[in-house]
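Just so it is clear, the values below take in all heavy atoms, side chains as well, and ignore hydrogens, waters and symmetry mates. Since we're looking at a predicted model, the values are computed, not measured.
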Amino acid sequence: MAVRHNSEVKFKIGLDENKVPEEISWTAKDGGINSEPSKAVMISVWDHKKKDTLRMDLWTKDMPVDEMKQFYHQTLVSMADTFERATDDAKMAETMRDFCTYFAEKLELKS
């Protein structure tokens, strides 16, 4: 299949003098997003040659801890959903969701 369109997602990270993120913004023109601010970003890339995941996790120093906990919870829930769509393994996806419920309860997150 030939590539018919290229799409880009760009992240702009403003760093302080110690290279700690102060500001994060992202642009995804195909999604209608133009320089939207964010407090955190997690990116995973699959290296098929090494069979390994490359990761980048960044957050601004003013990201509140309670929001970071919620961000992690929502990321885990979305990973369970994506896992089910990608593998059609509903049983394991539900096990992952059970963990997400446990995670939220232990952190006392509100729905």
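Within 6.0 Å of atom CD in Glu94, more than 12 heavy atoms from other residues, nucleotides or ligands are found, so the atom counts as buried in its surroundings. Met56 CE: more than 12 foreign heavy atoms inside a 6.0 Å radius. Annotation: Lys61, atom NZ; neighbour count of heavy atoms from other residues, nucleotides and ligands within 6.0 Å is above 12. More than 12 heavy atoms of other residues, nucleotides or ligands sit less than 6.0 Å from atom CG of Asp57. Counting non-hydrogen atoms of other residues, nucleotides and ligands closer than 6.0 Å to CE of Met92 gives a total of 12 or fewer.
Side-chain contact between Phe83 and Met96 is present, with at least one heavy-atom pair separated by less than 4.5 Å. Considering only heavy atoms from C-beta on, Ile13 comes within 4.5 Å of Leu58 through its side chain. Lys29 is not listed as a side-chain neighbour of Ile33, based on a closest heavy-atom distance of 4.5 Å or more.
In terms of heavy-atom proximity, His48 sits nearest to Lys51 at O-NZ, 3.1 Å. Taking every heavy atom of both residues into account, Asp62 and Glu22 meet most closely at OD1-O, 4.5 Å. Across Ala80 and Ala93, no two heavy atoms sit closer than the pair O-CB, 3.7 Å. Annotation for Thr27 and Ser35: closest pair OG1-N, 2.9 Å, computed over non-hydrogen atoms.
Judged by distance alone, with hydrogens and angles left aside, the side-chain atoms of Lys106 form no donor-acceptor pair with the main-chain N or O of Phe103 at under 3.5 Å. A distance-only check finds a donor-acceptor pair linking the side chain of Asp16 to the backbone of Val20 [under 3.5 Å]. Thr60 contributes no side-chain N or O that, together with a main-chain N or O of Pro21, makes up a donor-acceptor pair within less than 3.5 Å.
Two different hydrophobic clusters hold Trp59 and Val41 under the rule that ILVMFWY side chains link at heavy-atom gaps under 4.5 Å. Taking hydrophobic clusters as Ile, Leu, Val, Met, Phe, Trp and Tyr residues chained together by side-chain heavy-atom distances below 4.5 Å, Val65 does not share a cluster with Phe71. Neither Leu54 nor Met79 shares a network with the other; the hydrophobic side chains, linked directly or stepwise wherever heavy atoms of I, L, V, M, F, W or Y lie under 4.5 Å apart, form separate groups for each. A continuous path of hydrophobic side-chain contacts links Leu107 to Met63 [ILVMFWY only; heavy atoms under 4.5 Å]. When hydrophobic clusters are built by joining Ile, Leu, Val, Met, Phe, Trp and Tyr residues whose side-chain heavy atoms come closer than 4.5 Å, directly or via intermediates, Met42 is not grouped with Trp46.
Considering Thr75, Leu109, Val77 as possible partners of Cys100, the one that fulfils the side chain to side chain contact (heavy atoms under 4.5 Å, CB included) test is Val77.
Salt bridge status for Arg97 with Glu84: present, with a side-chain N to carboxylate O gap under 4.0 Å. Under 4.0 Å is where a charged nitrogen must lie from a carboxylate oxygen, and between Lys91 and Asp89 no such pair does.
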